[in-house]
Amino acid sequence: MAQGCVFPFRMMVVRRAPDPATVTIDKPASAKASVLPGLTWLLACQSAGEVLARLTHVGLPGPVLGMLILLLLLRWDAVRAPVGAVAEALLAHLSLLFVPVGVGVMTHVPLIAQYGIQLVATLVLSTWVGLLVTALVFRAMLRQSDDRAAEAGTEP
Amino acid sequence: MNDFVQLWVYLSTTPLFGLTATLLAYLLAQAVYQSVGQAPWANPVLWTVLLLALVLTLSGTAYPTYFSGAQFIHFLLGPAVVALAWPLWQRRNELRQRAGPLLVAALAGGIAASGSAVLIGWSLGLPQDLLRSLAPKSVTAPVAMGIAEQLGGIPALAAVFAVLTGLIGAISAKYLFDLCGVASAPVRGFALGTASHGIGAARAMQVNADMGAYAGLALGIQVVLGAVLIPLVARLF
């Protein structure tokens, strides 16, 4: 298990190009820091989230509660430094993590073929509707709130 | 020859095969993706999946056998969701200022994506259990499965629809936004994370850090909204 988890990380760290936008803000103390403390924090937060989800029945998945817990903990430098390096490496290769589920689509090819055109049309059209509605509403709301901020004389 | 067959039979049944094949296929797809300047059609998830599906089909390897190795990568989805706290924390001030627009847009986009999927699917004559599996399609795959189960849909199908939705968004969003004149990186990122969850967010993170952070935020909000609201709304029908 540990072998399987550590292996992709090494490559992620090596392959990651420095990112100017994140280097300036809250840069982890050492980008070369070992991945183990950070990974342990992530897993500990996820475990705490899973426990909380089962105890409170809030209807939120464990990892999401774990994310909220980590968000609270990040105000401490002792958490921030190790988590930053690992989080960036992990998120840089987020695509990879969807591959196993993605390959699972092949086991449902007969069903997709059965409803072929209707299913594809539904998925494509609704995705476009979702993308456009979100983008247009967000843009309109941002303009409105930025205008209001400008009127009040504060930085938008 | 017989030795080779035996060796293959051994290799293809160990978890080592699924894990190694996934990483090799991904590195290859990633190299191609970089060499064509990260063009959306070269999406690394799409091509890795197609390549692996081809290898599994040609070698006659069953999906569960493959998954026994790939599960080590699949497992990291959980820690990756937790890790989303990092880009959020980095932009905490900006996000606090924009809390109102962010929430309204996430709600509107989530309702539009889920509602239009059910409506379009229904008008095209898709059966009930498929519609129920379609409803959570813009929530990230593991969470979508849980929601579909509550709705009386088919969890495995919900995961399939979520993955396809992610791919459709990641591949087509750039062209759609260019066509409709949506230029701002935060807006594009937030829309990608809302309508195409993790796969859309992964694409956004590769394009630029600003777009990625907003996509990660959208993904997080959508998980919360979807898990709470979709079962609630579905109870009305």
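A quick note: this is a predicted structure, and the numbers were derived from the prediction, not measured. Naming convention: chains lettered A, B, ... in sequence-line order (proteins, then strands); numbering from 1 in each chain.
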Atom pair OH/CE of B:Y66 and A:M106 - distance to nearest 0.5 Å: 10.0 Å
First locate atom CD1 of A:I112, then atom CG of B:L164, and finally report the distance between them rounded to the nearest 0.5 Å. 5.5 Å
Between A:F138 and B:Y214, what is the ring plane arrangement, given parallel below 30°, perpendicular above 60°, and tilted in between? tilted
Need one label for B:L77: side chain, backbone, both or neither, based on atoms under 4.5 Å from any heavy atom in chain A. both
Using a 4.5 angstrom heavy-atom cutoff, name the option from A:L142, A:I117, A:L131 with the most pairs to chain B. A:L131
Measuring heavy-atom distances to chain B, does A:L136 have an atom under 4.5 Å in its side chain, in its backbone, in both, or in neither? side chain
Taking side chain as everything from C-beta outward and backbone as N, CA, C, O, which of these in A:L72 sits under 4.5 Å from a heavy atom of chain B? Side chain, backbone, both or neither. neither
Please look at B:L126 and chain A and tell me whether the side chain, the backbone, both or neither of the residue comes under 4.5 angstrom of a heavy atom of that chain. side chain
Contact part of B:V163 toward chain A, heavy-atom cut-off under 4.5 Å: side chain, backbone, both or neither? side chain
Mind checking whether B:Y26 and A:H93 have ring centres under 6.0 Å apart? yes
Any heavy-atom pair between the side chains of A:L111 and B:L130 that's under 4.5 Å? yes
At a 4.5 Å cut-off on heavy atoms, which part of A:L123 comes close to chain B: side chain, backbone, both, or neither? both
Measure the CG-CG distance between B:L176 and A:L132 for me, rounded to the nearest 0.5 Å. 4.0 Å
Can you confirm whether A:L96 sits close enough to B:T22 that some side-chain heavy atom of one is under 4.5 Å from a side-chain heavy atom of the other? yes
Given heavy-atom pairs under 4.5 angstrom as the criterion, report whether the side chain, backbone, both or neither of B:S138 touches chain A. neither
Is it the side chain or the backbone of A:L68 that comes within 4.5 Å of chain B heavy atoms, both, or neither? neither
Could you walk me through whether B:K137 and A:S126 pass the side-chain contact (heavy atoms from CB on, under 4.5 Å) test, one step at a time? CA-CA 10 Å; B:K137 76 182 189 79; A:S126 63; 2.7 Å; yes
For A:T107, is it the side chain, the backbone, both or neither that has a heavy atom under 4.5 Å from a heavy atom of chain B? side chain
